[in-house]
Chemist: 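Quick one: the structure is below, questions incoming.
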2 protein chains.
Amino acid sequence: MAVTMNDVARAAGVSLKTVSNVLNDYEFIRPVTKQKVLDAIAELGYEANLTARSLRSGKTRMLGLVLSDLSIPYYAELASRLMTFASARGYRVLVEQSGAEPGHELSALQGPFRQLTDGLLFTPLALDAGTIAAHQGTKPVVMLGEHIADPRFDLVTMKNAEAAAAITAHLLASGRRRIAVLGAASEDTTDSPGLRLNGYREALKTAGVEFDPALVVQCDWRRDGGASAVGSLLDDGTEFDAVFGLNDAIALGAMHELLIRGHKLPGDVAVAGFDDIDEARFASPSLTTVSPGMEEIAERSVKLLIDRIEGAEASSEGLHVEAGFELKVRESAP
Amino acid sequence: MAVTMNDVARAAGVSLKTVSNVLNDYEFIRPVTKQKVLDAIAELGYEANLTARSLRSGKTRMLGLVLSDLSIPYYAELASRLMTFASARGYRVLVEQSGAEPGHELSALQGPFRQLTDGLLFTPLALDAGTIAAHQGTKPVVMLGEHIADPRFDLVTMKNAEAAAAITAHLLASGRRRIAVLGAASEDTTDSPGLRLNGYREALKTAGVEFDPALVVQCDWRRDGGASAVGSLLDDGTEFDAVFGLNDAIALGAMHELLIRGHKLPGDVAVAGFDDIDEARFASPSLTTVSPGMEEIAERSVKLLIDRIEGAEASSEGLHVEAGFELKVRESAP
DNA sequence: GTGCAGGTCTGCAACGATGTAGCTGTACGT
DNA sequence: ACGTACAGCTACATCGTTGCAGACCTGCAC
């Protein structure tokens with residue numbers, strides 16, 4: 001059996017509660033008493049039982065992180081950083097994979113997972129704002145990403161439209177005029193595909209270049225999505241001199257397909273992505289992309305969530321945070 | 001306040017303990033009583049308090065996963081699969097990043113993290129077997145990877161030597177004779193660099209090709225490690241017609257550097273890796289590598305650990321499991 | 001009719017911590 | 001000298017569940 005507070009109390013010759021008070025930094029304890037307790041703790045090798053503490057206090061000191069799949073590099077890198085920041089504030093992160101399925105997202109929001117955590121970092125991909133609002137419960141939730149931009153929720157996101165516009169402007173500045181966009185989804189402008197597409201169109205308008213719907217291709221946000229999307233453009237005979245993948249995976253997949261089919265990069269086609277995942281730097285050619293400030297997103301979302309949990313952030317409105325972005329010009333689109 | 005068992009008991013007109021018995025599938029309950037309880041649970045929307053259950057039962061139904069860094073693709077993919085398998089058996093996975101630092105590994109082994117989990121999936125990178133044995137405590141631990149091959153521990157690993165030999169043999173079969181090895185560390189043959197290097201040497205011996213120490217280069221197991229390692233070979237003027245990166249990241253980094261310096265792949269140099277991470281398929285050229293059976297590793301390690309936790313696996317000896325591997329021949333070394 | 005087995009259910013204690021209330025003793029103002 | 005304030009500590013209840021022991025009932029054997 002493990003050492004309990006009771007054992008410590010007996011060894012130190014004080015009451016159970018005094019041990020608890022020492023551990024919780026209660027103000028009014030004589031130094032001599034405190035020392036007796038600390039000595040007893042050290043001698044017995046006592047460690048607080050976190051489960052018991054959770055039961056009594058109602059806090060677990062864990063943050064829930066809901067994302068679709070940890071094997072997606074963007075999420076893996078984000079999770080890693082979130083854990084680091086959470087750890088610095090004395091919290092752990094418990095990850096739940098939703099597979100982007102509404103049922104899983106909902107059960108992460110309401111089910112036992114929720115009980116285990118004091119607050120949620122939530123990347124909603126399948127649920128809409130109304131459903132989330134109806135089931136979010138009383139513990140704090142911070143939204144990550146931009147699928148949900150609703151004043152009711154706290155949200156930490158990136159400057160999707162501005163960054164997409166900046167990278168499009170970069171392609172235009174290098175003389176490209178027919179820029180294919182891969183990965184667009186609906187015309188919905190509240191999610192990241194929509195916002196990025198919007199940024200692209202804004203940049204075209206600013207440059208006075210006409211928008212051509214034939215250059216916009218839907219595809220999965222994965223490498224094979226990008227590969228087949230650019231493949232279909234080539235097969236259709238659609239002309240283009242640049243490709244903007246709405247994320248790096250798409251761009252890398254497209255680059256791969258273009259190289260296989262014998263196109264020269266960036267000579268024939270310039271390629272740009274979005275996210276600045278690690279491998280963008282090491283692709284051949286290295287991928288021009290935009291870094292959406294993941295470090296900042298991780299830091300600020302953890303801070304916001306913990307402040308909500310601990311009551312330090314009391315505003316009743318949802319706070320919206322947008323991290324800064326940075327253009328990363330590399331070989332694929334100099 | 002949340003609904004408790006007491007509320008359910010009152011609503012169903014039975015005792016607290018009967019509700020508990022229903023939830024725990026106690027054998028001797030009349031169907032009619034069980035139904036009353038289930039109805040009350042449904043009506044009140046009762047959900048068991050996991051913290052209280054943990055305190056009472058001493059089980060958390062969480063598995064600890066200790067790895068160096070979740071942003072490393074291999075670990076991210078492994079973690080994702082482990083979570084899926086654990087979830088199928090009703091367990092969650094709590095991840096701890098050690099940064100491969102001995103202090104962090106040790107605290108994951110002994111500290112509060114351990115309390116929160118019923119068993120540990122441990123990737124030891126910095127600690128030696130003796131230290132681990134001295135601090136592993138009483139809860140089950142399953143080692144992942146090959147840093148520790150000690151009969152005292154359960155171990156799930158891959159066929160490092162055999163797989164490395166197979167891929168080396170493949171390079172030899174295609175006519176390559178001077179195969180550089182990137183990522184070797186010490187001469188230690190118990191860790192993965194050592195085992196893979198050994199497999200390489202075995203394959204050379206079998207083919208009657210002499211081993212040349214000049215072709216073995218130490219480097220970090222990352223893309224930039226591979227890039228600078230192959231760079232130093234080129235700078236030194238060492239001749240080689242193939243590169244075997246001891247993992248895919250090294251191989252991809254090397255490939256990148258070779259392409260930048262104008263070498264033709266696989267014409268001038270064939271490149272092979274190890275791990276079959278997702279991006280190996282999508283690199284240009286796509287990377288020949290060996291798949292170490294990650295799916296199998298994930299499945300069997302979770303099964304072994306949970307069987308230990310639940311007492312289904314009682315052998316007192318450490319069990320050693322080796323997953324099968326599969327050669328993935330692609331463009332970089334056809 | 002009594003004894004026994006065992007199905008069905010109940011009550012109490014316990015897991016290990018924290019919250020609340022209250023009990024002392026000293027310092028201080030008047 | 002006495003009341004008050006508060007530092008410093010203790011005792012007890014409590015969080016929501018499960019383990020243990022036993023009560024009660026029914027059916028069957030003798």
Chemist: Is any NZ, NE, NH1 or NH2 atom of the basic residue among R308(B) and D154(B) found under 4.0 Å from an Asp or Glu carboxylate oxygen of the other?
Modeler: yes
Chemist: Write down the distance between CD1 (I29(A)) and C1' (dT10(D)), rounded to a whole number of angstrom.
Modeler: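 Taking CD1 of I29(A) and C1' of dT10(D), I get 13 Å after rounding.
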Chemist: Applying the side chain to side chain contact (heavy atoms under 4.5 Å, CB included) criterion to R10(A), which one of V8(A), D7(A), V14(A) satisfies it?
Modeler: D7(A)
Chemist: Return the value, rounded to whole Å, for the distance between atom CZ of R53(B) and atom P of dG16(C).
Modeler: 18 Å
Chemist: Taking only Lys NZ, Arg NE, NH1 and NH2, and the carboxylate oxygens of Asp or Glu, determine whether E96(A) and R92(B) approach each other closer than 4.0 Å.
Modeler: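 A salt bridge links E96(A) with R92(B).
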Chemist: With nearest nucleotide decided by heavy atoms, which residue, L16(A) or F28(A), maps closer to the 5′ end of DNA chain D?
Modeler: F28(A)
Chemist: Grab the CZ-P distance between R56(B) and dT18(D) for me, whole Å please.
Modeler: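 After rounding, the gap between these two atoms is 9 Å.
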Chemist: Let me know, please, whether Y46(B) or Y26(B) comes out on the 5' side of the other along DNA chain D by nearest nucleotide.
Modeler: Y46(B)
Chemist: Would you say the side-chain atoms of E105(A) pair up with the backbone N or O of A126(A), donor to acceptor, closer than 3.5 Å?
Modeler: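 Flag set: sc E105(A) to bb A126(A) pair under 3.5 Å.
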Chemist: Take the protein atom CG of L50(B) and the nucleotide atom C1' of dT18(D), then report the distance between them rounded to whole Å.
Modeler: 14 Å
Chemist: Taking CG from N6(A) and C1' from dA13(C), how many angstroms apart are they, rounded to a whole number?
Modeler: 15 Å
Chemist: Of the nucleotides dT10(C), dT18(C), dG8(D), which has the atom closest to the T18(B) side chain?
Modeler: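 Comparing dT10(C), dT18(C), dG8(D) against the side chain of T18(B), the answer is dT10(C).
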Chemist: Distance check needed: dT8(C) C1' versus K34(B) NZ, whole Å only.
Modeler: 14 Å
Chemist: Please report the distance, rounded to the nearest Å, between CG in N21(A) and P in dA17(C).
Modeler: 14 Å
Chemist: Between atom CD in Q115(B) and atom C1' in dA17(C), what is the gap in whole Å?
Modeler: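 In whole Å, dA17(C) C1' lies 11 Å from Q115(B) CD.
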Chemist: So which atom in G145(B) and which in L155(B) form the shortest heavy-atom distance, rounded to 0.1 Å?
Modeler: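 Result for this residue pair: O-CD1, 2.8 Å.
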Chemist: The side chain of S20(B) lies closest to which of these nucleotides: dT10(C), dA17(C), dT18(D)?
Modeler: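 The answer is dT18(D).
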Chemist: Between dT10(C), dT17(D), dA17(C), which nucleotide gets closest to the side-chain atoms of T4(A)?
Modeler: dA17(C)
Chemist: Which listed nucleotide (dC9(C), dG16(D), dG8(D)) is nearest to the side chain of L55(A)?
Modeler: dG16(D)
